[in-house]
Amino acid sequence: MNLSILIPLLNEEESLKELYTWIIKVMQSNNYSYEIIFLDDGSTDNSWSIIEQFASENPSVKGIRFMKNFGKSQALHAGFAKAQGDVIITMDADLQDSPEEIPGLYEMITKEKFDLVSGWKKKRYDSVVAKNLPSKLFNWAARKTSGVALNDFNCGLKAYKNVVVKNIEVSGEMHRYIPVLAKNAGFGKIGEKVVQHQARKYGETKFGMERFINGFLDLITIWFLSRFGKRPMHLFGAIGSLMFIIGFLLAGYIGVSKLYHMYNDMRYNLVTSNPWFYIALTTMILGTQLFLAGFLGEIILRTKNNEERYKISSEINL
């Protein structure tokens with residue numbers, strides 16, 4: 001099978017028919033063998049009924065429905081597990097991603113041998129203040145932190161080799177950092193393609209300004225996971241040990257200094273009246289806590305179970 005097209009959605013009943021017709025037209029004009037997997041992330045409108053109608057008419061249409069809204073990352077995780085195509089395309093259901101870009105993305109994966117190709121919405125039709133400027137700042141920070149030279153991490157239109165999606169773990173809100181996850185998994189040939197961005201035709205965006213705040217927090221998380229996710233003791237243990245040693249040496253100096261003054265009948269103060277004693281004590285306590293955090297992190301890594309982060313209520317043609 002040439003293509004698996006994954007479409008995560010939440011309450012997009014108005015755009016689904018137009019999007020489906022557009023994708024089928026592109027598939028037929030290029031003679032692709034394909035599957036379209038709609039990933040319904042707990043829609044409360046008629047989206048699932050429309051998907052069921054598509055599936056009854058076309059066996060290449062498949063669907064996964066969550067019991068409630070679990071998030072885009074979880075929807076993509078479920079879709080990646082089911083995808084069978086040689087090339088996986090992800091795109092949003094709001095018609096802002098153009099299916100006409102699919103052949104170009106497919107060629108970059110199959111002929112230019114990229115592991116992953118991310119779309120770049122160079123010209124956007126979103127609000128400049130509410131979306132464009134925060135997005136530019138976010139993408140700049142993501143490039144500097146991750147080392148992945150992409151201009152648009154947030155673009156939902158991406159193409160992957162099948163082997164890539166089978167070897168990355170998308171959780172939390174990490175869908176915007178899939179290129180970073182792929183790089184950390186060993187897939188180094190990551191490309192970018194300028195794609196057409198279309199103004200939203202129906203409904204309203206499901207993401208507000210908070211996604212950029214969450215995005216920066218997730219960026220810190222993924223930086224930490226990429227550096228110390230498999231060895232938290234190397235960070236917390238090292239910092240904790242260093243702080244404990246500094247506090248211990250400082251406390252030892254205070255104690256030796258008092259004994260020296262006592263031995264030589266010199267004037268001395270109580271240890272507890274010296275502010276440096278409390279600094280030393282605090283440093284030792286914090287060092288111990290950081291060391292224990294690293295130790296507990298190592299234990300959790302070795303005993304964690306990979307339980308599902310979402311619940312599926314219905315599947316179609318899968």
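- A distance-only check finds no donor-acceptor pair linking the side chain of Lys17 to the backbone of Glu14 [under 3.5 Å].
- Put simply, Met1 and Val163 are part of two different groups of oily side chains (I, L, V, M, F, W, Y) that touch within less than 4.5 Å, one to the next.
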inquiry  = Evaluate Glu101 against Lys193 for salt bridge (Lys or Arg N to Asp or Glu O under 4.0 Å), listing each step before the verdict.
reply    = CA-CA 9 Å; Glu101 302 288 352; Lys193 182 181 184 299; 2.8 Å; yes
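- Side chain of Ser4 to main chain of Gln84: a donor-acceptor pair is present (N/O by atom type, distance under 3.5 Å, no hydrogens or angles).
- Heavy atoms from other residues, nucleotides or ligands lying under 6.0 Å from NZ of Lys189 number more than 12.
- By the side chain to side chain donor-acceptor pair (under 3.5 Å) test, Lys111 pairs with Glu107, sequence neighbours left out.
- Aromatic ring orientation, Phe70 versus Tyr310: perpendicular (interplanar angle above 60°, classes split at 30° and 60°).
- Using a 4.5 Å heavy-atom cutoff, the side chains of Ile24 and Asn58 are in contact.
- In terms of modelled atom types and a separation under 3.5 Å, the side chain of Asp45 and the main chain of Ser47 share a donor-acceptor contact.
- Nearest approach of Gly294 to Met233, heavy atoms of both residues: C-SD, 3.4 Å.
- When all heavy atoms are compared, the tightest approach of Leu39 to Ala75 is CD1-O, 3.3 Å.
- Distance check, rounded to the nearest 0.5 Å: CG of Asp86 to CG of Leu3 gives 8.5 Å.
- Between Asp41 and Gln74 the shortest side-chain heavy-atom distance does not fall below 4.5 Å.
- For the pair Lys183/Ser146, no side-chain contact is recorded, criterion being any heavy-atom separation below 4.5 Å from C-beta on.
- Remark: the backbone N or O of Leu270 is paired with a side-chain donor or acceptor of Ser273 at under 3.5 angstrom.
- What you find for Ile88 and Ala83 is that their closest heavy atoms are CD1-CB, 3.5 Å.
- The distance from the OG1 atom of Thr282 to the CZ atom of Phe277 is 9.5 Å, given to the nearest 0.5 Å.
- Between the CD1 atom in Ile64 and the CD1 atom in Ile51 there is a gap of 10.5 Å [rounded to 0.5 Å].
- At least one side-chain heavy atom of Thr44 sits under 4.5 Å from a side-chain heavy atom of Asn11.
- A heavy-atom distance below 4.5 Å is found between the side chains of Phe54 and Phe38.
- At distances below 3.5 Å, at least one donor-acceptor pair connects side-chain atoms of Asn2 with backbone N or O atoms of Ser33.
- In this structure a side-chain-to-backbone donor-acceptor pair under 3.5 Å is missing from Asn264 to Met266.
- Two residues are said to be in side-chain contact when any heavy atoms from C-beta on lie closer than 4.5 Å; Leu150 and Trp120 fail this criterion.
- Residues Val164 and Ala182 share a closest heavy-atom pair of CG1-CB, 4.0 Å.
- Atoms CG and CG, from Leu281 and Leu250 in turn, are 10.5 Å apart once rounded to the nearest 0.5 Å.
- Asn69 places no side-chain N or O within donor-acceptor distance of the main-chain N or O of Gly42, the cut-off being under 3.5 Å.
- Pairing each heavy atom of Pro8 with each of Lys72, the nearest pair is CG-CE, 3.9 Å.
- At most 12 heavy atoms of other shown residues, nucleotides or ligands fall within 6.0 angstrom of atom CE in Met67.
- Leu6 has its side chain out of reach of Lys82: every pair of non-hydrogen atoms, C-beta onward, lies at least 4.5 Å apart.
- Rounding to the nearest 0.5 Å gives a distance of 6.5 Å between CG of Leu157 and CD1 of Ile89.
- We find the CG-OG1 distance between Leu290 and Thr288 to be 9.0 Å, quoted to the nearest 0.5 Å.
- Remark: side-chain polar atoms of Thr21 are not paired, donor with acceptor, to backbone N or O of Glu18 under 3.5 angstrom.
- Sorted by first and then second residue, the ring-ring contact (aromatic ring centres under 6.0 Å, His included) pairs with a member in residues 148-168 read Phe80-Tyr160; sequence neighbours excluded.
- Between Met91 and Ser98, the closest heavy-atom pair is CE-C, 4.2 Å.
- Counting heavy atoms from C-beta on, the side chains of Lys121 and Val195 come closer than 4.5 Å.
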ask   = Going through the distances and angles, do Ser49 and Asn46 end up as a side-chain hydrogen bond (donor to acceptor under 3.5 Å, both in side chains)?
value = CA-CA 5 Å; Ser49 298; Asn46 292 319; 4.7 Å; no
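- A donor-acceptor pair under 3.5 Å is absent between the side-chain atoms of Ser43 and the main chain of Asp40, judged by distance alone.
- The closest donor-acceptor contact from the side chain of Ser257 to the backbone of Tyr253 lies at 3.5 Å or more, if one exists at all.
- Summarising the local packing, CH2 of Trp22 is surrounded by more than 12 heavy atoms from other residues, nucleotides or ligands at distances under 6.0 Å.
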